Structures are given as structure tokens and as C-alpha cells.
2 protein chains.
Amino acid sequence: MLKPLPKARSSDLLRARLREHGLKLTHQRELIAELFLSQDHITVEELYHEVAKNDPSIGIITVYRTLKLLCQWDLAQERHFGKGKTIYDNVAWKSHHDHLICTKCGRIIEFSNFQIEKFQEQVAGEHEFRITFHKLELYGMCKTCDTHVGKRPPRAHGHTA
Amino acid sequence: MLKPLPKARSSDLLRARLREHGLKLTHQRELIAELFLSQDHITVEELYHEVAKNDPSIGIITVYRTLKLLCQWDLAQERHFGKGKTIYDNVAWKSHHDHLICTKCGRIIEFSNFQIEKFQEQVAGEHEFRITFHKLELYGMCKTCDTHVGKRPPRAHGHTA
DNA sequence: TCTGAATTGAAACGAACTTTCAGTATGTTG
DNA sequence: CAACATACTGAAAGTTCGTTTCAATTCAGA
């Protein structure tokens with residue numbers, strides 16, 4: 001489920017940030033951060049379950065707190081699709097991007113488009129507004145779900161990846 | 001605070017929808033809908049306070065329920081800017097639009113831009129995705145707040161209007 | 001006016017966090 | 001390496017925003 005991505009580097013990143021802020025490196029933080037930084041996006045609940053596989057003694061409270069720290073350091077970003085749970089985006093090695101969200105299977109595709117951002121700036125200019133960040137979410141159906149409409153629902157295909 | 005907009009028409013709209021669905025016209029629904037339909041966007045809390053000015057006996061629960069009905073009938077739309085309270089958009093006489101949100105004073109400006117929507121379709125096509133709806137939110141500072149950065153904060157200027 | 005179904009308000013409930021607090025782990029200093 | 005000041009942790013209680021339950025009330029058609 002979780003990709004074996006930059007392992008050494010993710011713990012380096014964590015250590016560096018902790019040191020910068022005079023915070024302590026605990027094994028809880030180490031585990032939570034490593035698991036978080038080796039995937040794309042995840043909810044607190046999901047991450048908590050992953051963490052529990054390795055160390056069931058860690059509470060979900062600590063997962064909340066650690067994710068909040070990662071957000072402060074721009075290693076994570078909160079997302080609120082619809083009104084449900086918060087999704088935390090791993091942005092440690094990624095630049096800004098927007099999302100396509102399949103309303104049927106929950107699949108999330110990341111993209112970025114220069115033209116769109118250009119016109120956003122234009123709109124902002126027309127309203128004498130200075131943009132600091134933006135969110136663009138395109139909801140609809142991915143190809144797999146779309147071709148299965150009315151038929152038997154497709155088998156799960158990458159809900160979280 | 002609340003604009004004296006289409007009054008007769010808003011109650012007609014309500015009556016029509018209630019009748020269509022075999023629901024009853026209560027004075028609570030009438031008041032809540034009229035107040036809601038005479039402004040642009042509002043939170044449950046705010047609308048509840050407006051309602052209370054006219055009839056303090058109406059509970060916030062009924063405001064929740066009535067807004068939910070209006071949403072079902074496409075007279076209102078839920079918005080979730082950031083993680084805070086839900087904002088209900090009056091869309092009774094409006095077509096789709098997106099938002100500029102001032103992170104300082106909370107002011108919300110509506111806009112729509114054909115070019116952006118065109119490129120959204122292009123992106124979707126590239127990912128074999130069929131868009132059913134989208135959300136675009138541009139966060140930043142409105143002119144008033146921007147020119148007051150570092151100085152005394154500006155007086156309130158249209159937070160909700 | 002009668003009557004049954006829809007509606008209402010209060011209160012309990014629920015989900016998703018957040019805060020509080022006493023015990024514990026960490027890293028630094030000597 | 002031991003001591004110590006602090007940061008950190010988990011559990012439980014508390015918030016916030018919203019939903020469900022339920023007895024009492026209101027509405028609208030006959």
C-alpha cells in the first residue's frame with residue numbers, strides 16, 4: 001500500500017525541521033512522519049491505522065499533532081474535499097498542484113496547469129485582489145467508473161493512491 | 001444588511017417547490033427562506049440570528065433543515081471554504097460562479113471565467129475524466145486589506161455582503 | 001371543523017477534532 | 001554517564017458543527 005519512497009531523506013527532513021525548531025525526535029514522530037512521507041495523501045484515520053500496524057501503542061492524538069507539525073513545515077497540506085474528513089497531502093517533494101476527484105470511486109488525480117493559473121491572476125487583477133494560494137477541484141468520473149455506469153460497479157482501483 | 005431583493009418571487013419559488021414535493025408551508029420556512037433568498041451567502045449561525053430578530057421562537061435546528069431543503073431544490077448550495085463553518089450560497093437566480101476569498105476580512109467576491117473553464121475541460125480530457133462540477137477558490141487579500149497590511153486593521157467592510 | 005401526516009423545538013447523540021493534565025521520554029549540561 | 005529541565009505522550013474530557021429522536025404542535029385537505 002505505502003510506496004517505499006525516499007526513506008533516508010524523509011527522516012533527514014524530519015530531523016532537520018525538529019532541530020530548527022528545538023523540538024524532540026521521538027520514535028512516535030519518526031514512525032508517523034516516515035509513513036506519511038512515503039505516500040501521496042492520506043486521512044488521519046488511515047495514517048493512524050498504518051501507524052498502529054507498527055506500534056499499536058501510539059494514539060491517534062499524536063498522529064493529529066504530528067500532521068499539524070508537518071503542515072507548519074510545508075511537508076504536508078490539509079485538504080477539505082466536500083465536508084468529510086481532512087485529507088493530508090504529502091507535499092515534501094512536490095510543487096503546487098490541483099485535483100481531479102472521482103465522485104464514484106474516490107480516486108484522486110493530481111495535475112497542474114499554467115494556463116489556468118494565468119487566468120486566475122487575470123481575474124484577481126480585475127478585482128484588485130492579490131492571490132496567496134488557491135484551490136481548484138474538478139469533480140466527476142474517471143474513465144473506469146464512467147464506462148461502468150449502470151453496470152456492475154468496477155472493482156476497487158486505486159482509491160487512495 | 002439584507003438586501004430588499006425579489007420578495008414576491010422568492011415566496012412564490014418556495015411555495016412552488018413545497019407544493020411539488022407535497023410539503024407544508026409553515027411560517028418558519030417562509031421566514032427562513034425569505035431571509036435567505038434576499039441575500040448572497042450566509043452561514044447557518046448568521047441566518048439564525050437574522051431569523052431570531054423576527055421570530056426568536058424559531059430554533060436553529062429548523063434553519064438547518066430548511067437550508068437543506070433549499071439545497072435539494074437548487075436554491076442554495078453548500079460551500080466549505082477552509083475548514084470552518086459551512087457557507088450557504090443563494091443560487092436561486094444565479095448561474096455557476098467561483099470565488100475570491102479575502103483571508104483577512106473574510107470578504108467573498110464571486111466571479112466566473114470562461115477561459116478557465118475551457119482549460120479545465122482540457123485537463124480533464126487529458127486524464128480521460130468527465131467533469132460534473134468544480135470548485136475554484138482563490139484566497140488572498142482584497143485591496144482594502146492589502147493596503148492596510150502592517151497598519152491598523154481596516155474597519156469592517158462587507159464581510160458577508 | 002376534523003383528522004392524519006408533516007413539522008417543530010429540545011435534547012440527546014455523533015463525528016472530527018482540540019485541550020488538559022499527569023506521567024514519561026528526550027537531549028543537554030555538567 | 002548521570003541529572004535535570006522540558007518537551008512529549010496518551011487518556012479523557014471538552015468543543016464545534018451538525019444530525020437524529022421524539023413528544024407536542026401545526027398544517028391542509030376532506
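Keep in mind that this is a model prediction, so the values were computed, not measured.
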Hey, does B:Leu47 have a side-chain heavy atom less than 4.5 Å from the side chain of B:Tyr88? no
Neighbours of DNA chain D within residues 20-30 of chain A, by heavy-atom distance under 4.0 Å: A:Leu23, A:Lys24, A:Thr26, A:Gln28, A:Arg29
Lys/Arg N to Asp/Glu carboxylate O, B:Glu78 vs B:Lys68, below 4.0 Å: no
Quick one: CG on B:Asp40 to CD1 on B:Ile108, what's the gap to the nearest 0.5 Å? 9.5 Å
Parallel, tilted or perpendicular, judged at 30° and 60°: which one describes the rings of A:Trp73 and A:His21? parallel
Rounded to the Å, how far apart are A:Ile60 CD1 and D:dA12 P? 15 Å
With sugar-phosphate meaning primed atoms plus P, OP1 and OP2, does A:Ile58 contact a base, only sugar-phosphate, or nothing at under 4.0 Å between heavy atoms? sugar-phosphate
Separation of atom CZ in B:Arg19 from atom C1' in D:dG29, rounded to whole Å: 11 Å
If you define the side chain from C-beta out and look only at heavy atoms, does anything of A:Thr86 sit under 4.5 Å from A:Thr43? no
Protein within reach of the bases, or only the backbone? For nucleotides 15-20 of chain C, mark each nucleotide 5' to 3' as B, S or -, using heavy atoms under 4.0 Å. -SBBBB
Side-chain heavy-atom pair B:Phe133, A:Thr103 within 4.5 angstrom cut-off: yes
Using a strict cut-off of less than 4.0 Å between a Lys/Arg side-chain nitrogen and an Asp/Glu carboxylate oxygen, indicate whether A:Glu30 and A:Arg15 qualify as a salt bridge. yes
Going by an N to O cut-off under 4.0 Å, is there a salt bridge joining B:Glu50 and B:Lys53? yes
